[in-house]
Structure formats: C-alpha cells, structure tokens
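By convention in this document, chain letters (A, B, ...) are assigned in the order of the sequence lines, proteins followed by strands, and residues within each chain are numbered from 1.
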There are 2 protein chains.
Amino acid sequence: MTTTTEENYLKAIYHLSSRHQKSVLTSEIAGSLSTTSASVTDMLKKLSDKNLVEYERYKGVRITRKGEKVALSIIRRHRLWEVFLTDVLKFKWDEVHDMAEELEHVSSDELVKRLDSYLGYPKFDPHGDPIPDTNGKVPANGQQLLSEMTSTGTYVISGVNDHSPAFLQFLEKKGLVPGTVFSIMEIDGFDHSMHIEFQNRKSTYISKEVSRNILIKSHA
Amino acid sequence: MTTTTEENYLKAIYHLSSRHQKSVLTSEIAGSLSTTSASVTDMLKKLSDKNLVEYERYKGVRITRKGEKVALSIIRRHRLWEVFLTDVLKFKWDEVHDMAEELEHVSSDELVKRLDSYLGYPKFDPHGDPIPDTNGKVPANGQQLLSEMTSTGTYVISGVNDHSPAFLQFLEKKGLVPGTVFSIMEIDGFDHSMHIEFQNRKSTYISKEVSRNILIKSHA
DNA sequence: AAATAAAATTAGATTAGTCTAAAATTAGAA
DNA sequence: TTCTAATTTTAGACTAATCTAATTTTATTT
C-alpha cells in the first residue's frame, strides 16, 4: 500500500504540521529528512496522487485525514517498539530510536496488536511521547514546555522534544530523566536560565536551550 | 552493506546449496524467489562483484565463505524472531513466517544479541530448524527425514521441511507437531505410506508426500 | 557429429527514489 | 511597484531491482 519511503515522508510532514498551523514547506521537509527540495517535490506529487496530502505547487502541503491515519499508525508502531526495546530488552532510552525506525515499517497489524497487549497497553514511550491508539487517537497528556514556565513550583519531567542521543545522554548525566521531580527555584530575567532543585536537595542550572526541549507536568 | 534484496538472494542460494552438492542453477533461484532468470542473472553479477558468490556464466553459482556468513546471520535473525513470535507473543507456528521475513532485515546486531539472551539462547525455532550462533555455527541436530526410515521404531518429531501454513495446519490437525512421540508400525512396500501409532495408542496413516517433509530424531 | 531442446544471458524498458543544475515563481526590499 | 533574493519546480540523469523478448550457450538425442 505505502512504501517505507512514503511512510517516512508522511511521518515528517505530520510532525512538522504539529509544530505550526500553516502549510508545511518543501524545504522544511527536505531539511527534516536530509534530502533535496527536488526529491521532496517529486514525492509530494506521488503522495498527492494517493490522496495522502493536499499539495498545490509553490504553496506547500497539508496532510489529509487519510495521510494522518497512516502517519499515526507508523508513529504508534515506532513508540510501541521503543517501549519494547527499553522495558523488555533493557536498552537505554538514547539507544532505541534507530532500531525503532526500522521496526516501525514491519507491516503486520496483528503483530502490533499483540505487542501492545504484551507490553500492557502503554500510553507513553520512554521519551514521554504519547502512543496513538489503534484509531489514531493520541492520549492527552497535559504536558508543557519547561521553558514556558514563568513562576516557581514543583513539576515532574514527562518527556523531551529533542530525541538525539547527545541530548538524552546529557539529561541522563544531569539526572533529568522522565519521572524526576524537581522545583523551579528561580528564573533569570536575562537569559531565562533556571535554577532547579531535586527532591534530594541537590540543585543545578538549566539553560533556555535545554529547558526548551524538556516537557513537564505539574507534580501532584 | 547488503540490501534486503541481496540478503534474500543469499538466503535462497544458501538453502538451495544445502539440498545438493552441485552449483546452484539460475533457474532454481528464480523458482525459489518467484522471479525471472533474467533478474537472477543480474543479481548474481552484483553478488559476484561483492565476493558473496562465485559465479561463472552458464555454470551456476556457489556461495562463498563471506556470502555464507551473511546468509547465516539472516537465518539466525529469522529463527530468533520466530521464537519470539511464538513463545512471547503467542502466535501459532504457521503464522510467524511472513513476519519473521520482515523482521530478519532489521539490522542491529545488538538487538539480535539481546533478543537471543531474552529468549534464553534457544537452539531451535518453532519448526525445529536449528538457530545458527553468532559465528555462523549451526548446532548439529541428528535429524533424519521420516521418509528415509526403513524399519519400525520409536521416534520424536523434531522439525519440518515444508514451512507453508497449509502443511503446518495439516500437521497440527493430525497431531504431528514437534515434540510428538510416535512409533512406525508398518511401511507399505508399494507407495511407502506409513502406519504410525502415538503414545496414546491412537494411530494414523502418512503418505510419502508428507513423510518427506517431516524431520525426526530417535526417541530415548 | 549435427540438430534440437532447454537453460542462461543480454538488450532494452520500466518503476521508485534520488541527485544536480537550470528555469520558474513567490515574497520582500528599495 | 519594480527588482532582487529565496524558494520551488522542472528537466535530465543515475542506481537498484525488475520485466519481456531476443540471442547465445550448453546439453541431449538421434
């Protein structure tokens, strides 16, 4: 039905769409997939012919309901495999992305169903990203960006926006993994760096660069 | 390094090689992969350039040490995933082949290593096929073809040669699954059909067509 | 040993995905 | 509002894998 390459384009377009309301630009897609605008244009025509995106020359592209369903099903598989890799095979959260990137294209729906059941129907992947259900519904998660916080308070780390091994390893070292509870002690007015304190009283500083990529929930 | 298609050709050539000593013929490969001889010829040149096979025009092909290593590593992955699918996700033995066919091409060696460890280092897959180790060693298994037996005796079913869902479902219905203990009561001189009896005294008849595809070991 | 049948190879196309370089279009600036 | 710069698209070519049809080679049979 859809090739692996088409699936990767749809995933990229879906992710870029959710970052802003406007149409997704050819160059954005090219950037995100490390390919050329020429290749993207070709693929957009193909996806448009299959009614997976609405595409108008020079005007960028919007994903259709049908395309979104495909994208969400791939994202569901990706995140379920990430849970499998960390929870069952004990990989670290910074090691699973590339493997999940391959596993997500294995096509059996029954396999995904059984995997989901075996894992106990997880709602979030190891990076805190919500796992869409079979119908493409994404669980609401009340996550906010740490960088958007303007006042002190106590929070739990629930996810990340940057999934690169480098960033994940940095967070690991600083003790900023999902589930960690911390309080914002002070926010610097000049560079928006934050002074935060953990439950064990240890504290550290976080730059805006970092807080921009950390997702949190308020702590009960 | 190797593409999925190249891996599938190497697997086919490896399997065909083990059926006879001679070079593998272009048409055998085409038949086994449901493709044309023309396509096979093209691919043989490519594999030969990569030193994965020894190929001489019109003379058929032999797999090299290097090609065999690749084939065995794919076969290892395939069989480990089959164990995962049956033992962990509870699929039936006649359902796992196509999924394993896709999973075997996921490239991470570390993933295979962890999977192997998680499954408890199994030596055989659900169809009784031996799982090659990391170095490409295939465990000796003392298996024989049921159709080769010439005298009465007691045996255990240890595997099959035909992996098609139709055949596996037939065996399931007849109670001829791996692990089943039975005795050969009589072999018909005319059509080589066998009268066999199970431990619970029930008995059945097996045609040569069937016994040709059942692997057995002698029962302790 | 020549004729013929079977098998294998080559020639030439096709499809999916990609690229570079050139042309077209849009949007921002003077 | 015209010009310029940035973006996007087209044109043309390449690689991997495939096909059909034609040709070549091998093997068999008379």
request  = Carefully, step by step, assess N8(B) and H105(B) under the rule side-chain hydrogen bond (donor to acceptor under 3.5 Å, both in side chains).
outcome  = CA-CA 9 Å; N8(B) 286 334; H105(B) 300 291; 3.0 Å; yes
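Closest to the side chain of T5(A), out of dT9(C), dG17(C), dT9(D), is dG17(C). If you check dA8(C), dA17(D), dT18(D) against the side chain of S37(B), the one that comes closest is dA8(C). With distances taken from any side-chain atom of Y9(A) to the nucleotides dT18(C), dA8(C), dG17(C), the minimum falls on dT18(C). Closest contact between the side chain of K46(A) and the listed nucleotides dT9(C), dC19(C), dG17(C) involves dG17(C). The M43(B) side chain lies nearest to dA17(D) when the options are dA17(D), dT9(C), dC19(C). Listed nucleotides: dA8(C), dT10(C), dT8(D). Nearest to the side chain of Y58(B): dA8(C). Across dT18(C), dT8(D), dA17(D), the shortest atom-to-atom separation from the side chain of S27(A) is found for dT8(D).
Distances shown here put every side-chain N or O of T36(B) at or beyond 4.0 Å from the OP1 or OP2 atom of dT18(D). Between dA24(C) and R57(A), no contact under 4.0 Å exists linking OP1 or OP2 to a side-chain N or O. The shortest distance between the side-chain N/O atoms of S39(B) and the OP1/OP2 oxygens of dT18(D) is not below 4.0 Å. For the OP1/OP2 pair of dT10(C) and a distance below 4.0 Å, the side-chain nitrogens and oxygens of T41(B) include no atom meeting the criterion. Within the structure, a side-chain polar atom (N or O) of K45(B) is placed less than 4.0 Å from OP1 or OP2 of dT10(C).
Distance L25(B) CG to dA27(D) P: 10 Å, rounded to the nearest Å. The CD-C1' distance, from E56(B) to dA7(C), rounds to 16 Å in whole Å. dT18(D) atom C1' lies 14 Å from atom CD of E6(B), rounded to whole Å. In this structure, the CG atom of D42(B) is 17 Å from the P atom of dT15(C), given to the nearest Å. The interatomic distance linking L10(B) (CG) with dA17(D) (P) rounds to 11 Å, in whole Å. Distance L47(B) CG to dA16(D) C1': 12 Å, rounded to the nearest Å. Rounded to whole Å, the distance from NZ on K59(B) to C1' on dT26(D) is 9 Å. Between the CG atom of L33(A) and the P atom of dG17(C) there is a distance of 13 Å, rounded to whole Å.
At distances below 3.5 Å, not a single donor-acceptor pair connects side-chain atoms of R79(B) with backbone N or O atoms of P132(B).
Atoms CE and CD1, on M149(A) and I216(A) in that order, are 4.5 Å from each other to the nearest 0.5 Å.
Residue-environment remark: CD (E54(A)) stays at or below the threshold of 12 foreign heavy atoms within 6.0 Å. By the 6.0 Å contact criterion, NZ on K113(A) is open, its count of non-hydrogen atoms from other residues, nucleotides or ligands being 12 or less.
With the nearest nucleotide of DNA chain C identified for both T3(A) and A38(A), T3(A) has the one nearer the 5' end.
With ring centers used as reference points, H97(B) lies 6.0 Å or more from H127(B).
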